[in-house]
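What you are looking at is a predicted structure, and each value in this text was computed from that prediction instead of being measured.
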Amino acid sequence: MHSEPRSGRLAAWGNALLAGFASPDDAVVAIVDEDAVHRVEGLPGETAPVGLTLALGRLRTLGVTGLRVALPAPGHPLGLSGPPDFNARALDAEEAVVCHGAALGLVPEVYEAGPDGDVHVEVVWHCLPVREAPPADVPSLGEAERELAEALRDATAMLSRLDVAGSGPVAEAAIDAYRARAERGREALAPGYPPRAVRVLELAQRVGLLISVAYENGHGGAVSASEMAARSEALRPVERTARRAQVAAYNAFVEERERGVR
């Protein structure tokens with residue numbers, strides 16, 4: 001989960017565009033990133049898929065004033081509010097964007113073609129009706145920051161005791177490489193986001209990377225069934241906490257506007 005979700009890019013830069021902090025061209029370039037093209041299908045008033053520039057403009061005319069992120073997982077409908085059809089599609093994609101100001105949501109479907117090293121990626125965002133209700137299990141930024149710090153400390157201690165790959169030099173090397181990529185110019189969030197949201201997102205992504213490295217590098221010293229179960233128990237809550245923190249960071253823009261900060 002350490003990589004930036006497409007829903008995060010769409011929500012962050014869509015919010016910047018809606019609030020006047022980014023131009024349409026800059027927002028679309030940032031959202032598409034390394035993909036070939038993004039289109040939106042099922043947009044009210046359109047009979048065929050349209051490009052992002054037109055889609056974001058149409059959403060504005062439909063009353064959308066902000067975009068939220070959902071990062072659901074089995075048993076954890078994080079950021080969702082229904083109905084069941086939208087929730088099911090979002091869960092299958094493991095992400096979605098929920099509009100604020102209009103009862104609409106967007107779920108990505110990714111198409112890949114081409115050989116390794118030259119993969120052509122197209123993304124179709126399916127626009128669907130959503131239920132206007134508070135999103136599930138999304139903490140405030142302050143809550144997310146506190147929970148993330150506690151979960152990271154507890155999980156790191158437990159992983160170290162179990163001698164699990166991902167809690168030592170291998171993880172640190174991967175994290176250093178991640179930082180180097182980030183420092184080459186990619187913004188953690190779009191213009192207009194509060195500094196605390198940037199800080200929370202960066203920490204959440206760092207924790208997500210630690211979890212991914214731990215999973216991808218085997219069981220380390222956790223060779224017995226009980227040790228392997230303990231490792232999973234250590235990773236599960238911190239992964240959940242990191243996802244909640246990511247959603248809180250991406251959604252901070254809309255939350256501040258709702259409180260009248262902007």
Side-chain angles (χ1 to χ4, degrees), residues 1-5 7-16 18-22 64-73 75-82 90 94-101 105 130 132-159 171 175 178-179 182-183 186-212 233-262:
M1 67 151 287
H2 65 275
S3 60
E4 184 181 23
S7 57
R9 294 202 304 268
L10 176 57
W13 284 92
N15 283 331
L18 291 170
F21 288 101
V64 174
T65 58
L67 301 171
R68 289 189 172 104
V69 169
L71 297 178
H76 189 206
L78 176 61
L80 298 176
S81 57
E94 299 182 341
E95 60 177 313
V97 171
V98 179
C99 298
H100 178 66
V130 299
E132 293 186 286
D137 199 35
V138 179
S140 68
L141 272 178
E143 291 170 336
E145 193 169 30
R146 289 192 298 273
E147 292 172 0
L148 201 53
E150 293 171 1
L152 177 60
R153 182 186 63 243
D154 295 345
T156 300
M158 182 173 291
L159 292 174
I175 290 167
Y178 168 77
R179 284 174 176 161
E183 289 170 359
R186 175 168 296 181
E187 296 180 74
L189 280 170
Y193 270 82
R196 190 175 201 177
V198 176
R199 184 169 69 245
V200 168
L201 181 60
E202 288 176 340
L203 180 57
Q205 291 176 337
R206 185 181 188 278
V207 172
L209 179 61
L210 175 65
I211 295 166
S212 296
E233 287 300 310
L235 293 175
R236 191 174 299 116
V238 74
E239 188 275 337
R240 183 186 181 105
T241 299
R243 281 191 299 107
R244 292 180 78 234
Q246 276 204 20
V247 171
Y250 285 121
N251 294 2
F253 201 102
V254 174
E255 305 308 327
E256 284 204 349
R257 297 194 77 177
E258 282 191 320
R259 296 199 310 268
V261 176
R262 298 181 180 280

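The pair Glu202-Arg206 does not meet the salt-bridge criterion, since no charged nitrogen lies less than 4.0 angstrom from a carboxylate oxygen.
Among all heavy-atom pairs drawn from Gly66 and Leu18, the shortest one is N-CD1, 3.9 Å. The two atoms that bring Asn251 and Val138 nearest to each other are ND2-CG1, 4.2 Å, heavy atoms only. Closest approach of Ala242 and Leu148 over heavy atoms only: CA-CD1, 3.7 Å. Here the shortest heavy-atom pairing between Gly75 and Arg240 reads O-NH1, 4.5 Å. What you find for Ala144 and Ala245 is that their closest heavy atoms are CB-CA, 3.8 Å. The two residues Ala96 and Ala90 have their closest heavy-atom pair at CB-CB, 3.7 Å.
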- [ ] Just do the side chain to side chain contact (heavy atoms under 4.5 Å, CB included) check on Val69 and Gln246 with the steps written out, would you?
- [x] CA-CA 9 Å; Val69 169; Gln246 276 204 20; over 6 Å; no

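With Glu95 contributing its side chain and Ser7 its backbone, the two residues share a donor-acceptor pair below 3.5 Å.
For the atom pair CZ (Arg243) and CD (Glu94), the distance works out to 8.5 Å, reported to the nearest 0.5 Å. Residue Leu67 holds its CG atom at 13.0 Å from OH of Tyr250, rounded to the nearest 0.5 Å. With values rounded to the nearest 0.5 angstrom, Leu71 atom CG is found 12.0 Å from Asp137 atom CG. Remark: Leu201 CG to Glu4 CD distance equals 7.5 Å, nearest 0.5 Å. The NE2 atom of His100 sits 5.5 Å away from atom CZ of Arg68, with the distance rounded to the nearest 0.5 Å.
Using modelled atom types and a 3.5 Å distance limit, the side chains of Asn15 and Tyr193 yield a donor-acceptor pair.
Judged as a side-chain hydrogen bond (donor to acceptor under 3.5 Å, both in side chains), and not counting sequence neighbours, the contacts of Ser140 are Glu143. For Arg146, there are no side-chain hydrogen bond (donor to acceptor under 3.5 Å, both in side chains) partners, not counting sequence neighbours. Take Glu147 and apply the side-chain hydrogen bond (donor to acceptor under 3.5 Å, both in side chains) test, not counting sequence neighbours, and it matches Arg244.
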